[in-house]
Undergrad: 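After the structure tokens below, expect a handful of questions from me.
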Amino acid sequence: MSQIIDPISSEIFERKPYLQNYFRNFPKGNLWELGSAKKTGEYYVSLNGEPLSSSFSPLTQAVRLLDTYSLKPTDIVILFGLGNPHLIQKINETLAPGQILILIGDDETLIPVIWDKILKPVMAVPGRHLFSGELFFPLFFNYLDSLPIERVSGLKIIRNPTDTNRNPIYRELEEKTQTVFSAKMSDLLTKFEFERLWIKNSIWNLVHVAKKSPPRYPISSLKDKFQGLTAVLVSAGPSLRKNLSWLQTVRDKVFVFSCDTSLKVLIKAGIQADGVVTLDAQTNSFFHFMGESLNQIPLFADLVSSPTLLREPMFQSVVHSVTAKYQVDAEGTLIREVTAGGELAEQVFAEVGDIQSGGSVATTAFDMLRYMGFTSVYFLGQDLAYSGREIHSTGTHHNEKWLTLLGRKNSLERINEMIIRKRETRFVPKASGDGSVLTDYVLDLYRHWFEESASSVSEMKLYNVSDEGAAIAGIPSLSPIQATETLTETPPHNYPWRNLPIWKFSSENSSELRPQGSEELLKRIEKDIEFMEQGLKKFESDTQNKSFQDSDIWIWMRGESYIRRMVRKTEIYILRHKDLELERKNQLMVQSIKKEIRYLKRSLYPMIDSFPEKG
């Protein structure tokens with residue numbers, strides 16, 4: 001324990017408390033040593049007597065390796081393998097304080113050996129983190145997942161070859177790291193494209209909660225109401241049509257929860273869903289319901305869902321939720337991030353209910369089932385792959401649209417094939433365990449999300465009724481016959497949920513709504529716009545050459561997260577281009593805010609008509 005007594009280490013542990021855990025008494029299965037290289041003043045690490053870098057001049061080796069990389073100030077840099085101490089030092093010297101450097105090792109007991117001479121000065125620099133050993137890998141991915149990706153332009157992975165060649169764990173860690181980072185970058189790009197639409201939709205939907213038809217409810221009113229019951233989550237994968245007969249035979253034992261894409265397939269098979277889920281903020285989702293009689297089915301809709309779909313009394317009722325992500329950073333702090341616009345919900349609903357999503361309707365629907373308390377969930381049509389080289393099950397809106405394109409030179413097979421070839425495809429293990437099946441990058445991200453979720457809901461029994469799609473680790477695949485056998489002891493449910501207000505077309509949701517909340521929200525948005533316009537006018541009239549980020553109006557806007565998110569893209573652009581002149585930075589921010597004010601105003605005009613002065 002002598003390594004942790006000195007003042008510098010104590011100061012480091014105060015800022016990065018998790019580092020203290022490396023000095024616990026771990027069982028030592030390996031003999032790690034820090035040896036002196038032949039060149040004076042240089043060191044190398046050895047494992048059980050074998051050097052993990054050059055024992056002559058590890059510094060020269062480190063410099064040559066680092067010269068092959070081009071590191072930008074906005075890169076996250078990850079080093080896999082701690083066998084060359086000078087590689088750690090040189091990377092640290094190359095990066096600016098505050099730039100993120102993550103050091104990854106494969107053994108906890110190595111850290112005390114190289115702490116004083118190598119790691120201590122590196123860990124004293126802000127932005128440097130260290131994760132070594134199996135016990136610390138979950139903490140690494142928590143940290144990676146909670147990183148502010150907005151400030152980052154790329155990920156640079158540096159490998160110490162001797163380490164990465166001797167232990168396959170580094171390859172596994174790198175693959176998972178790339179997956180997590182790609183998902184975060186994809187999420188950021190999605191926010192760039194859709195956040196302003198999400199905010200507009202959320203405001204519109206919250207303002208119209210006060211309308212009588214269709215009645216709106218928060219999903220919090222259903223929390224844990226379905227304990228002991230079984231649900232089937234129906235997606236629109238190609239295998240759905242093959243297994244519909246199974247669902248028909250067990251219908252009286254299960255709650256049928258449909259993704260929007262699969263609803264038409266169920267209706268054509270004579271199966272009425274007990275609920276349908278939609279997530280799309282664009283009006284495209286309307287086509288999944290068009291032409292169908294849905295007035296006995298509740299629609300479970302994220303707050304960002306298209307108002308075009310929700311403002312008409314097509315459904316029995318609408319159940320709202322917000323998408324929120326919970327993460328734990330390296331210091332162990334729980335962070336909640338709600339989808340843009342969701343922070344306004346508390347002004348209308350006493351409590352809406354947070355749903356975690358992996359980006360697809362199916363992932364959102366699954367977490368809704370978890371939230372509602374179902375004991376068992378069966379997945380149907382959850383292929384997450386191009387089973388039979390098809391995109392969707394027949395009977396979906398997509399297939400209906402493609403049927404209009406058929407001709408002598410254009411078949412359904414050709415249309416599917418053209419779409420598949422445009423995507424980044426790969427092969428993954430098949431659900432049946434026999435061979436592999438074709439999937440793509442996005443579907444594989446969803447598969448990883450389900451695998452992570454399956455490991456965190458051990459109280460739920462999960463089954464995948466498919467042998468054609470992708471295997472999902474933690475969710476056993478069953479044939480329809482096997483799935484029927486698992487339900488042998490399950491009695492008919494007699495539809496107990498139909499006695500709840502959501503299914504009875506009842507107005508018993510008043511206790512879950514804030515009186516006059518919708519009207520007050522609309523007034524708040526109008527006041528916010530007026531305040532921003534006045535603040536911008538004051539800033540522009542000020543002749544002093546000061547940064548907009550230091551202005552009173554921007555300080556206020558930072559606290560109004562829904563407004564700040566609308567200019568996120570411009571803010572990040574300025575963060576990543578520090579060489580821009582002050583005048584240009586100010587001009588970009590002011591123009592961006594004015595643009596969003598105009599956008600909000602155009603959105604508000606039809607909303608104002610919902611609350612006439614009389615009547």
Side-chain angles (χ1 to χ4, degrees), residues 15 73-74 96-100 126-127 146-153 187-188 191-192 194-200 202-203 206 322 324-325 327 329 331 333-348 517 520-604:
R15 288 187 286 108
T74 51
Q99 187 172 354
I100 296 170
S146 63
L147 279 174
I149 200 71
E150 295 88 351
R151 298 173 179 266
V152 176
S153 63
D187 184 48
L188 180 62
K191 289 176 180 177
F192 282 166
F194 291 111
E195 273 193 323
R196 69 200 303 253
L197 178 60
W198 292 343
I199 291 168
K200 187 203 79 170
S202 296
I203 294 172
L206 287 169
V322 295
K325 183 183 293 185
Q327 300 166 333
D329 63 15
E331 280 70 41
T333 304
L334 186 65
I335 301 170
R336 175 183 181 262
E337 181 186 357
V338 66
T339 302
E343 60 269 70
L344 299 171
E346 61 187 25
Q347 196 157 331
V348 176
E520 289 171 1
L521 173 63
L522 184 59
K523 290 178 180 178
R524 172 191 166 177
I525 304 299
E526 290 179 298
K527 288 180 180 178
D528 287 348
I529 291 174
E530 183 180 354
F531 188 77
M532 280 191 291
E533 288 177 326
Q534 293 173 351
L536 290 177
K537 186 176 181 181
K538 180 181 178 182
F539 176 80
E540 289 180 308
S541 64
D542 192 341
T543 57
Q544 295 180 13
N545 188 23
K546 65 178 182 180
S547 170
F548 182 78
Q549 270 81 0
D550 296 328
S551 66
D552 292 339
I553 183 61
W554 178 247
I555 292 171
W556 174 81
M557 286 177 64
R558 284 187 311 194
E560 299 295 326
S561 58
Y562 82 96
I563 295 175
R564 184 177 184 176
R565 292 183 187 203
M566 296 184 78
V567 292
R568 182 201 295 265
K569 190 173 182 179
T570 304
E571 185 183 2
I572 292 172
Y573 178 83
I574 292 173
L575 279 171
R576 292 182 178 178
H577 295 79
K578 300 183 184 296
D579 56 337
L580 288 174
E581 293 181 356
L582 179 62
E583 184 179 353
R584 179 57 178 159
K585 290 180 181 178
N586 291 345
Q587 183 184 39
L588 286 171
M589 283 301 296
V590 170
Q591 287 178 348
S592 180
I593 294 169
K594 286 183 175 180
K595 177 182 176 181
E596 298 310 323
I597 288 175
R598 290 194 297 271
Y599 178 77
L600 276 177
K601 276 186 167 182
R602 288 197 302 270
S603 304
L604 282 175

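Below, each value reflects all heavy atoms present in this structure, side chains not excepted, and no hydrogens, waters or symmetry copies. None of these values were measured; they are calculated from a predicted model.
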Undergrad: Between atom CD1 of Ile572 and atom NZ of Lys191, what is the distance when rounded to the nearest 0.5 Å?
TA: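 Interatomic distance, Ile572 CD1 to Lys191 NZ, rounded to 0.5 Å: 8.5 Å.
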Undergrad: Is the shortest side-chain heavy-atom distance between Thr339 and Phe194 below 4.5 Å?
TA: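 Of all side-chain heavy-atom pairs linking Phe194 with Thr339, none is under 4.5 Å.
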Undergrad: Among all residues two or more places apart in sequence or in another chain, which pass the salt bridge (charged side-chain N to carboxylate O under 4.0 Å, His left out) test with Glu520?
TA: none
Undergrad: Enter the distance from Met557:CE to Ile593:CD1 here, rounded to the nearest 0.5 Å.
TA: 3.5 Å
Undergrad: Does a side-chain heavy-atom distance below 4.5 Å link Leu188 with Arg568?
TA: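 Side chain of Leu188 against side chain of Arg568, heavy atoms only: contact under 4.5 Å found.
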Undergrad: Do Met566 and Tyr599 have side chains that approach each other closer than 4.5 Å (heavy atoms only, starting at C-beta)?
TA: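 The answer is yes, as the side chains (C-beta and beyond) meet within the 4.5 Å cut-off.
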Undergrad: Does a side-chain heavy-atom distance below 4.5 Å link Glu596 with Ile199?
TA: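 Heavy-atom side-chain distance check fails, nothing below 4.5 Å.
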Undergrad: What's the separation between atom CD1 in Ile553 and atom CD in Glu540, rounded to the nearest 0.5 Å?
TA: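 If I round to the nearest 0.5 Å, the distance is 11.5 Å.
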Undergrad: Between the side chain of Ser541 and the main-chain N/O of Lys537, is any donor-acceptor distance below 3.5 Å?
TA: yes
Undergrad: Where do Ser202 and Gly342 come nearest, in terms of heavy atoms and distance?
TA: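 Heavy atoms only, the tightest pair is OG-N, 4.4 Å.
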Undergrad: Check the angle between the aromatic planes of Phe548 and Phe539 and answer parallel, tilted or perpendicular using the 30° and 60° thresholds.
TA: perpendicular
Undergrad: For Arg584, enumerate each residue passing the side chain to side chain donor-acceptor pair (under 3.5 Å) test, keeping only those at least two apart in sequence or located in another chain.
TA: Gln587
Undergrad: At what distance, to the nearest 0.5 angstrom, does CG of Leu600 lie from CD1 of Ile525?
TA: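 Those atoms lie 7.0 Å apart.
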Undergrad: Kindly indicate whether the side chain of Met589, heavy atoms from C-beta on, has any atom under 4.5 Å from the side chain of Gln549.
TA: yes
Undergrad: Using side chain to side chain contact (heavy atoms under 4.5 Å, CB included) as the criterion, list what pairs up with Glu560, not counting sequence neighbours.
TA: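 Only Arg524, Asp528, Trp556, Tyr562, Ile563 meet the side chain to side chain contact (heavy atoms under 4.5 Å, CB included) criterion with Glu560.
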Undergrad: Mind listing the closest non-hydrogen atom pair of Ser561 and Glu343 along with its distance?
TA: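 Heavy atoms only, the tightest pair is OG-OE2, 2.6 Å.
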Undergrad: Roughly how far, to the nearest 0.5 Å, is the CG atom of Leu206 from the CD atom of Glu346?
TA: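 If I round to the nearest 0.5 Å, the distance is 10.5 Å.
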